[in-house]
Amino acid sequence: PTGLSMASSTGAITGTPTVTSSATTYTVTVTDANSATASNTFSLSVVNGPSATQAIASTALTRNTAATSFTPVTGSGGTAPLAWSVSPALPTGLSMASSTGAVTGTPTATSGATTYTVTVTDANSATATATFSLTVNAAPSATQAVASTVLTRNTAATSFTPVTGSGGTTPLAYSVSPALPTG
């Protein structure tokens with residue numbers, strides 16, 4: 001295929017193929033100084049290299065909370081099997097499956113927004129890259145703001161927030177147990 005050549009003195013094929021080519025059988029003939037020949041064949045195909053596509057641009061996890069498995073970069077094309085790697089290393093407790101690119105685990109440390117580069121490598125060592133951003137937030141905390149209050153029946157309550165939340169991954173949601181009095 002275009003971009004490749006064979007050295008007549010060694011039979012070595014070198015170069016960079018510039019077009020794709022379906023599997024083609026080539027016959028190589030070896031000729032000695034007395035014009036005696038021998039031939040044999042080999043098959044060669046040229047495929048596109050792998051591609052890496054950002055599937056998740058940015059995500060936030062919470063420290064000490066198991067991550068729901070996610071695949072931030074998908075890979076396709078190239079020569080199977082594909083392999084995934086990430087740089088820099090993911091926060092402690094998280095890992096990326098080299099065979100699928102899925103991130104799993106439980107992050108055990110906080111981490112500010114960091115851009116990670118995922119490399120998809122095919123069986124021919126051809127590569128493609130894409131990035132994603134990951135943040136690991138501190139676990140949420142609840143702080144008592146009002147220890148006790150007394151309301152009067154049939155009188156509108158002045159809005160108050162007895163417990164404030166912070167940290168965690170936004171948005172925070174509040175619930176109460178047992179149920180508040182009617183109204």
Pairs where residues 78-113 contributes a residue and the test ring-ring contact (aromatic ring centres under 6.0 Å, His included) is met, not counting sequence neighbours: none
Expected output: side-chain Gln54 to main-chain Thr131 donor-acceptor under 3.5 Å: yes
Where at least one partner belongs to residues 151-162, residue pairs that pass side-chain hydrogen bond (donor to acceptor under 3.5 Å, both in side chains), sequence neighbours excluded: none
Partners passing side-chain contact (heavy atoms from CB on, under 4.5 Å) against Ala126 (at least two apart in sequence or in another chain): Pro50, Asp122
Distance in Å, Ile13 CD1 paired with Leu44 CG, rounded so as to fall on 0.5 Å steps: 6.5 Å
Test side chain to side chain donor-acceptor pair (under 3.5 Å) applied to Ser35 - qualifying residues, sequence neighbours left out: none
Positive for side chain to side chain contact (heavy atoms under 4.5 Å, CB included) with Leu134, one of Leu90, Thr114, Val86: Leu90
For a quick test of your reading: what N or O donor-acceptor pairs under 3.5 Å do the side chains of residues 162-173 make, sequence neighbours left out?
from   : atom 1 : to     : atom 2 : distance (Å)
Ser166 : OG     : Ser141 : OG     : 2.9
Thr169 : OG1    : Leu61  : O      : 3.3
Thr169 : OG1    : Thr62  : OG1    : 2.9
Thr169 : OG1    : Asn137 : ND2    : 3.0

Within residues 37-66 or reaching into it, pairs that qualify as ring-ring contact (aromatic ring centres under 6.0 Å, His included) - sequence neighbours excluded: Tyr26-Phe42
Partner set under side chain to side chain donor-acceptor pair (under 3.5 Å) for Asn124, not counting sequence neighbours: Thr79
Non-hydrogen atoms of Ala23 and Ser43 that approach each other most closely: CB-OG, 3.9 Å
Pairwise side-chain contact, Thr2 with Pro17, heavy-atom cut-off 4.5 Å (strictly under): no
Same cluster (ILVMFWY, side-chain, under 4.5 Å), Val47 and Leu82: no
Closest non-hydrogen atom pair between Pro1 and Val46, with its separation: CG-CG2, 3.9 Å
Residues that, via side-chain heavy atoms closer than 4.5 angstrom, fall in one hydrophobic cluster with Val30: none
Minimum heavy-atom distance between Val136 and Ala109, given as atom pair plus value: CG1-O, 3.1 Å
Qualifying residues under side-chain contact (heavy atoms from CB on, under 4.5 Å), relative to Thr29, sequence neighbours excluded: Thr27, Thr31, Thr37, Ser39
Side-chain heavy atoms of Ile56 within contact of Phe132, under 4.5 Å: no
Would you mind writing out the side-chain donor-acceptor pairs for residues 91-104 within the sub-3.5 Å range, not counting sequence neighbours?
from   : atom 1 : to     : atom 2 : distance (Å)
Thr100 : OG1    : Ala102 : N      : 3.2

Residues clustering with Val150 (ILVMFWY side chains joined when closer than 4.5 Å, directly or via others): none
Contact list for residues 174-183, test side-chain hydrogen bond (donor to acceptor under 3.5 Å, both in side chains), sequence neighbours left out: none
